2 protein chains.
Amino acid sequence: MAVAARITIAEIAARAGVSAPTVSRVLNQRGDVAADTRERVEHLLAEHGYRRRGAPAPRPWTLIDLVFDDIDSPWALEVLRGVEDEAHGLGAGTVVSAVHGRAAERRRWLDNVRGRESGGAVLVTTGLDAALRAELQELRIPVVVVDPAGGADLGLPTVGATDWAGGRAATQHLLDLGHTRIAHVAGRPDLWCSRARLDGYRAALDAAGVDLDRDLVATGAFDYRSGFEVTSRWLADGAAPTAVFAASDQMALGVYEALRQTGRRVPDDVSVVGFDDLQEAQWSSPPLTTVRQPLDQMGRLAVRTLRRITDGEDVASPRVELATELVVRASTAPPRTA
Amino acid sequence: MAVAARITIAEIAARAGVSAPTVSRVLNQRGDVAADTRERVEHLLAEHGYRRRGAPAPRPWTLIDLVFDDIDSPWALEVLRGVEDEAHGLGAGTVVSAVHGRAAERRRWLDNVRGRESGGAVLVTTGLDAALRAELQELRIPVVVVDPAGGADLGLPTVGATDWAGGRAATQHLLDLGHTRIAHVAGRPDLWCSRARLDGYRAALDAAGVDLDRDLVATGAFDYRSGFEVTSRWLADGAAPTAVFAASDQMALGVYEALRQTGRRVPDDVSVVGFDDLQEAQWSSPPLTTVRQPLDQMGRLAVRTLRRITDGEDVASPRVELATELVVRASTAPPRTA
DNA sequence: CTGAAAGCGCTTACAG
DNA sequence: CTGAAAGCGCTTACAG
């Protein structure tokens, strides 16, 4: 098996029109090289993929990076499972990091990546500003974003789910059961997926000729607490809905608890639909009707996309959405009055 | 700053009483070297920490490894959070792997580790047989085990929780409320922690002069399903307990659902206590009384222990147990009859 | 800031 | 299976 001949310092020197020692100085970050000489040499080194003699061939795909803002939710766990399993199958380890939306922790992660190989990074709902983009570009590793934040188009491959269709399906299910006072606890407004689910909810109401009651739409943060608080407020206002569509399973569990504390039963008094289909949806009492998004598959797809970029294949679409699916369990029923 | 002079092939050769080319052959894994020569040379290379000229100095603590059998439970997520945050703070990335108890996946992980640096491995409830120990020893990375499986003493530092005391506290809490028909859903029998919780349960009953009813002790697998099934069986047998202590929060949620499906309410009809204090314990309806074990702290401690081993410090105790703590929420109350 | 020369560390091709 | 010799790739010390 012929190994591609490694380019040597001498060859680089010839092409750059300098001597070997000069190339050596550039390689070893010595200060005493003219700026334009250095630039010319560095460009040639990069172009020919120069590696020093003893250095082992870089093994791409020994590691990939998975970056969350936080890993405190079961949601993150599902994505991690898919990413880890897919990467493991390709022989790569998965480096998991949580940067907590803080610049210092992001920097620490970048410093860490600089000190090793990385076959690419999967960023999960992570904000991706110009500075970070520039740094990642400098590191020359491919990047895929799962559930991107809102804002300008990233110009990067992204993976998501059919959130709009899911929001519509959840709402349609409640309409089909006979509900008309359907509340919605929306998700973090900084993420596109939240807006898509909200618009799906609106579209279903529109199509059914049900007027949107603005008092029955509130914004949560995808977590248990906000589901609890929003619902408690609705119940205290006396304008209780007969059904609640929460944009995440965790918020749906908060809705459960607010209902329980006021003596209401699910689904007898109020129907509840979640979004995600975390394992927690099955573990709740009653088991939660929800919109399944294939988070593990989204993770897998992100890894495969990184791999395709590495292999130089064209990534067909910069934005892929995997299908959502309504999973009916025991938390939804016709309204009492029907 | 003086850099310790790197040992050269020539020096190794002199010490081994062979020529430089022979050392080179050993280094480059050529076949044509006598077994005893190879061994002598390899020993010297290791002893003097030989590194080839161009090779960058190894940067320990760029990465550490965290190995689970499975990462499908929120339990794993809590450990991960602690490990990741502690490692991140030390500038290291956390490589997460799930080996699913399969030799092939374990091998794949080991192959991956061989191709990069690792500052050490935290094994979580992972079986650690002689073969794996030998391989890890060969890789020369420190190892710490969280919640070790039962069986022979590992001779490795381990991190756990005061499971026995936790089991006792959970049971005592139920006794204090007036319960005497207290069932126990035990955890995976292959883990020490399960046995310790069971023994704590027994000890509390003994101390209170309550006879152990063997029919009220069943073995689960720490998961939702087994909690559900064990409880359903008890209820079907007509010998229903007035309280259930489950050895994990996930099993406790299965207990909830079995009770709900038979029209029983928590805690009015049956009290339930879990173990772990996962986030899910707060998210359940009613919020679950449980024994908190500081899983994130256990993860942090495991990382700090790896670090201490790396730094050559003595690891004071091969076995550290962090304190558990009873957290009373809304799933426990006096028995109806009391 | 740069190159010609010397020299180090390692590997290869050959001989036995 | 091993070594003496040759040679490659790279760096260092010196000169300008």
Side-chain angles (χ1 to χ4, degrees), chain A residues 1-60 62 114-118 138-140, chain B residues 1-60 62 111 113-118 138-140:
Chain A
M1 193 170 60
V3 176
R6 216 171 249 206
I7 196 152
T8 64
I9 270 195
E11 291 169 292
I12 295 283
R15 274 167 230 261
V18 298
S19 67
T22 298
V23 176
S24 173
R25 281 187 269 261
V26 171
L27 269 175
N28 295 288
Q29 326 252 36
R30 294 295 180 76
D32 50 356
V33 178
D36 58 332
T37 306
R38 151 165 280 130
E39 197 173 338
R40 205 163 67 248
V41 170
E42 268 178 346
H43 188 260
L44 282 162
L45 289 168
E47 186 185 338
H48 292 91
Y50 172 82
R51 281 179 278 118
R52 19 162 66 73
R53 184 149 66 140
R59 316 195 325 159
T62 293
R114 243 181 286 278
R116 56 174 165 88
E117 298 290 327
S118 176
E138 191 211 323
L139 286 170
R140 276 182 228 143
Chain B
M1 193 169 58
V3 176
R6 217 173 249 206
I7 196 152
T8 64
I9 269 194
E11 291 169 292
I12 295 283
R15 273 167 230 260
V18 297
S19 69
T22 297
V23 176
S24 173
R25 281 187 269 261
V26 171
L27 269 176
N28 295 287
Q29 325 252 40
R30 294 296 179 78
D32 50 355
V33 179
D36 59 330
T37 307
R38 151 164 282 129
E39 199 174 337
R40 205 162 67 248
V41 170
E42 267 179 345
H43 188 260
L44 282 161
L45 289 168
E47 186 185 341
H48 292 92
Y50 172 82
R51 281 179 278 117
R52 15 164 66 73
R53 185 148 66 139
R59 316 194 327 159
T62 294
D111 286 345
V113 173
R114 243 182 286 279
R116 56 174 167 87
E117 297 291 327
S118 176
E138 191 211 323
L139 286 170
R140 276 181 226 142

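Remember, it's a predicted structure, so these values are computed and weren't measured experimentally. Throughout, a chain's letter reflects where its sequence line sits, starting with A, and its residues are numbered from 1.
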Task: Secondary structure string for DNA chain C (Watson-Crick or G-U under 3.5 angstrom, | for other-strand pairs) - done: |||.||||||||.|||
Task: Within residues 33-44 of chain B: residues closer than 4.0 Å to DNA chain D (heavy atoms) - done: B:Val33, B:Ala34, B:Thr37
Open item on the list: Could you report the tightest heavy-atom contact between B:Ile7 and B:Tyr50, atom names first, then the distance?
Closed with: O-CD1, 3.4 Å
- [ ] Quick one: closest heavy-atom pair of A:Thr62 and B:Gly115, and the distance?
- [x] CG2-O, 4.2 Å
Using distance only, find each side-chain donor-acceptor pair of residues 9-25 of chain B under 3.5 Å and give its atom names and separation, not counting sequence neighbours.
| residue | atom | partner | partner atom | Å |
| --- | --- | --- | --- | --- |
| B:Glu11 | OE1 | B:Thr8 | N | 2.8 |
| B:Glu11 | OE1 | B:Thr8 | OG1 | 3.1 |
| B:Ser19 | OG | B:Thr22 | OG1 | 3.4 |
| B:Ser24 | OG | B:Asn28 | ND2 | 3.4 |

- [ ] Output the distance between atom CZ (B:Arg116) and atom CZ (A:Arg116), rounded to the nearest 0.5 Å.
- [x] 9.5 Å
Task: Rounded distance (nearest 0.5 Å) linking atom CZ of A:Arg40 with atom CG of A:Leu45 - done: 12.0 Å
Task: Those residues that, when tested against B:Arg38, pass salt bridge (Lys or Arg N to Asp or Glu O under 4.0 Å) (two or more places apart) - done: none
Open item on the list: Test of understanding: with side chain to side chain contact (heavy atoms under 4.5 Å, CB included), list the residues that count as partners of A:Glu47, not counting sequence neighbours.
Closed with: A:His43, A:Leu44
Open item on the list: Using OP1 and OP2 only, check whether a side-chain N or O of A:Thr22 sits under 4.0 Å from C:dG3.
Closed with: yes
- [ ] Give the nucleotide from the list D:dG3, C:dT2, C:dG3 with an atom nearest to the side chain of A:Asp32.
- [x] C:dT2
Task: Nucleotide-resolved protein contact map, nucleotides 11-16 of chain D, B/S/- at heavy-atom distance under 4.0 Å - done: SBB---
Open item on the list: Under 4.0 Å, heavy atoms only, any strand: does A:Ser19 hit a base, just the sugar-phosphate, or nothing?
Closed with: base
